[in-house]
Amino acid sequence: GRQLADYFDQRADGSPAVSLRIWDALDQQLVAPFEYYASADDTDLSKVRWHRGDGREDLDNVLSGDDVRARAVINAIDHYLPRRDDMKALAFCVSVRHAEFMARKFTEAGIPAVALSGDSTNEQRRDAPRDLASGRIRVVCTCDLYNEGVDLPEVNTLLFLRPTQSAVLFQQQLGRGLRLVAGKDACIVLDFVGLYRDDFRFDHLFQSVTGLSRKDLDHEVEHGFSRLPAGCHIQFDRVAKE
């Protein structure tokens with residue numbers, strides 16, 4: 001029943017810390033910059049009903065067990081990340097089944113991975129961040145566990161394996177890789193763009209992390225994002241752009 005703002009000191013300009021937006025934090029170098037790459041994977045998501053729980057059930061049916069998409073994800077890692085051995089990644093999945101499937105596919109491809117969810121034991125929850133930081137594993141595939149309220153500074157790669165229409169969830173997931181830590185110049189974000197319905201609102205997602213208007217976003221997607229905080233980069237491959 002208390003106001004959250006009561007627990008925070010105001011910043012020097014008089015505004016409360018709790019209202020600090022992500023692009024302002026980037027400008028002030030309070031968080032690490034990100035390099036975001038949108039890669040087309042040709043997955044048919046046109047039947048996903050986004051109004052029903054953010055499409056979770058439909059997405060689970062499509063993505064859990066899709067070997068072709070899993071291979072596309074691994075190919076994108078090899079394309080955008082020159083050294084797998086430097087990767088310390090969180091992969092956001094739509095369900096426990098999807099997380100377990102992707103962890104298995106990563107491991108089979110020579111990228112050690114584990115699946116983590118609310119069903120995991122306390123020991124598994126304790127060991128996974130430690131193993132990721134040490135390099136014993138390269139990817140933690142998670143479902144609804146690391147969206148918020150966790151501090152994993154060493155994470156330098158994010159894999160957005162579950163499409164979402166929620167700008168809040170999009171920001172939460174992005175934020176998991178932006179913790180400042182020595183040796184991390186930027187966080188690599190790989191997003192995978194399927195074939196969506198015409199009413200899928202990409203603009204809501206990117207407005208939440210760039211502060212640009214919808215009109216400005218149209219221009220930036222077409223001509224390349226030039227108005228971003230220092231060190232940040234957003235790039236769509238040709239098919240994803242279309």
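Just the heavy atoms: all of them, side chains too, but no hydrogens, waters or symmetry mates, feed the values below.
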Novice: Identify whether Leu169 and Val140 are in the same connected component of the hydrophobic contact network (ILVMFWY, side-chain heavy atoms under 4.5 Å).
Specialist: no
Novice: Identify whether the distance between the nearest side-chain nitrogen and carboxylate oxygen of Asp127 and Arg130 falls below 4.0 Å.
Specialist: yes
Novice: Can you give me the closest heavy-atom contact between Gln173 and Arg162, atom names plus distance?
Specialist: NE2-CD, 3.9 Å
Novice: Pair Arg176, Leu152 - check side-chain contact (heavy atoms from CB on, under 4.5 Å), show working.
Specialist: CA-CA 7 Å; Arg176 297 289 66 77; Leu152 302 171; over 6 Å; no
Novice: Whether the side chain of Lys184 engages the backbone of Arg179 through a donor-acceptor N/O pair (distance < 3.5 Å, no angle test) should be reported.
Specialist: yes
Novice: Starting from Val155, can I reach Phe34 by hopping between I/L/V/M/F/W/Y residues whose side chains sit under 4.5 Å apart?
Specialist: yes
Novice: Provide the closest heavy-atom pair for Ala128 versus Val114 in the form atom of the first, atom of the second, distance.
Specialist: CB-CG2, 4.3 Å
Novice: Counting only heavy atoms from other residues, nucleotides and ligands, does the tally under 6.0 Å from CZ of Arg136 exceed 12?
Specialist: no
Novice: Report the relative orientation of the aromatic rings in Phe225 and Phe206; use parallel for angles under 30°, tilted for 30 to 60°, perpendicular for over 60°.
Specialist: tilted
Novice: Please check if atom CD in Glu242 has more than 12 non-hydrogen atoms from other residues, nucleotides or ligands closer than 6.0 Å.
Specialist: yes
Novice: Can you see which heavy atom on Leu26 is nearest to which on Pro33, and at what distance?
Specialist: CD2-CA, 3.8 Å
Novice: Does some side-chain heavy atom of Asp216 sit less than 4.5 Å from a side-chain heavy atom of Arg227?
Specialist: yes
Novice: For Ala186, is there any backbone N or O sitting under 3.5 Å from a side-chain donor or acceptor partner on Glu35?
Specialist: no
Novice: Please report the interatomic distance OG1(Thr142) to CG(Asp144), rounded to the nearest 0.5 Å.
Specialist: 7.5 Å
Novice: Between Lys105 and Glu108, is there a side-chain N and carboxylate O pair less than 4.0 Å apart?
Specialist: yes
Novice: Flag the pair Tyr37 / Phe160 as yes when their ring centroid distance falls below 6.0 Å, and as no otherwise.
Specialist: no
Novice: How long is the span from the CG atom in Asp203 to the OG1 atom in Thr210, to the nearest 0.5 Å?
Specialist: 10.0 Å
Novice: Do the rings of His219 and His223 sit parallel, tilted or perpendicular, given the 30° and 60° boundaries?
Specialist: tilted
Novice: Could you check whether Arg104 pairs with Glu100 (Lys NZ or Arg NE/NH1/NH2 to Asp/Glu carboxylate O, under 4.0 Å)?
Specialist: no
Novice: Any heavy-atom pair between the side chains of Val96 and Phe101 that's under 4.5 Å?
Specialist: no
Novice: Calculate, to the nearest 0.5 Å, the distance between atoms CZ and OG1 belonging to Phe170 and Thr164 respectively.
Specialist: 9.0 Å
Novice: State, with a plain yes or no, whether a side-chain heavy atom of Phe106 is found less than 4.5 Å away from one of Val73.
Specialist: yes
Novice: Evaluate the side-chain contact (heavy atoms from CB on, under 4.5 Å) criterion for residues Arg125 and Leu145: first the C-alpha distance (whole Å), next the side-chain angles of each, then the deciding distance (0.1 Å), finally the verdict.
Specialist: CA-CA 10 Å; Arg125 294 189 192 204; Leu145 195 61; 3.7 Å; yes
Novice: Count I, L, V, M, F, W, Y as connected when their side-chain heavy atoms are under 4.5 Å apart, and connections chain through other members. Are Ile188 and Phe236 then in the same cluster?
Specialist: no
Novice: What distance do Leu116 atom CG and Cys141 atom SG have between them, rounded to the nearest 0.5 Å?
Specialist: 9.5 Å
Novice: Evaluate side-chain contact (heavy atoms from CB on, under 4.5 Å) for Arg214 paired with Gln207, printing each intermediate quantity in order.
Specialist: CA-CA 7 Å; Arg214 185 174 181 180; Gln207 281 178 298; 4.3 Å; yes
Novice: If you measure from SG on Cys93 to NE2 on His98, what distance do you get to the nearest 0.5 Å?
Specialist: 5.0 Å
Novice: Is Asn156 reaching over with its side chain to a backbone N or O of Asp86, donor-acceptor style, under 3.5 angstrom?
Specialist: yes
Novice: Ser208 and Ile22: which non-hydrogen atoms are nearest, and at how many Å?
Specialist: O-CG2, 3.6 Å
Novice: Between Ser120 and Ser117 (side chain of the first, backbone of the second, donor and acceptor by atom type, cut-off under 3.5 Å), is there such a pair?
Specialist: yes
Novice: Would you call Val189 and Leu159 a side-chain contact if the rule is heavy atoms closer than 4.5 Å?
Specialist: no
Novice: Applying side-chain contact (heavy atoms from CB on, under 4.5 Å), run through Ile234 and Leu228 and close with a yes or a no.
Specialist: CA-CA 9 Å; Ile234 295 178; Leu228 294 173; 3.8 Å; yes
Novice: Pairing donors with acceptors under 3.5 angstrom, does anything connect the side chains of Ser134 and Asp131?
Specialist: no
Novice: Is it true that, when you exclude Gln29 itself, more than 12 heavy atoms of the residues, nucleotides or ligands shown sit nearer than 6.0 Å to its CD?
Specialist: no
Novice: Could you grab the distance from atom CZ of Phe92 to atom SG of Cys143, nearest 0.5 Å is fine?
Specialist: 11.0 Å
Novice: Taking the basic N atoms (NZ, or NE/NH1/NH2) and the acidic carboxylate oxygens, is any pair closer than 4.0 Å for Asp60 and Arg97?
Specialist: yes
Novice: For Tyr80 versus Ala38, what's the shortest heavy-atom pair and its separation?
Specialist: OH-O, 4.5 Å
Novice: So if you build clusters from Ile, Leu, Val, Met, Phe, Trp, Tyr with side-chain heavy-atom gaps below 4.5 Å, do Val31 and Leu174 land together?
Specialist: yes
Novice: Please examine the side chains of Asp41 and Ser39, heavy atoms only from C-beta on, and report whether any two atoms are closer than 4.5 Å.
Specialist: no
Novice: Which atom names give the shortest non-hydrogen contact between Phe192 and Ala72, and what distance separates them?
Specialist: CE2-O, 4.2 Å
Novice: Applying a strict under-4.5 Å side-chain criterion to I, L, V, M, F, W and Y, I'd like to know whether Leu161 and Ile111 cluster together.
Specialist: yes
Novice: I'd like to know if Arg69 pairs up with Asp66 as an ion pair, taking the criterion as any Lys NZ or Arg NE/NH1/NH2 lying under 4.0 Å from an Asp or Glu carboxylate oxygen.
Specialist: no
Novice: With Ile74 as reference, evaluate His79, Arg84, Met102 under the side chain to side chain contact (heavy atoms under 4.5 Å, CB included) test and give the passing residue.
Specialist: Arg84
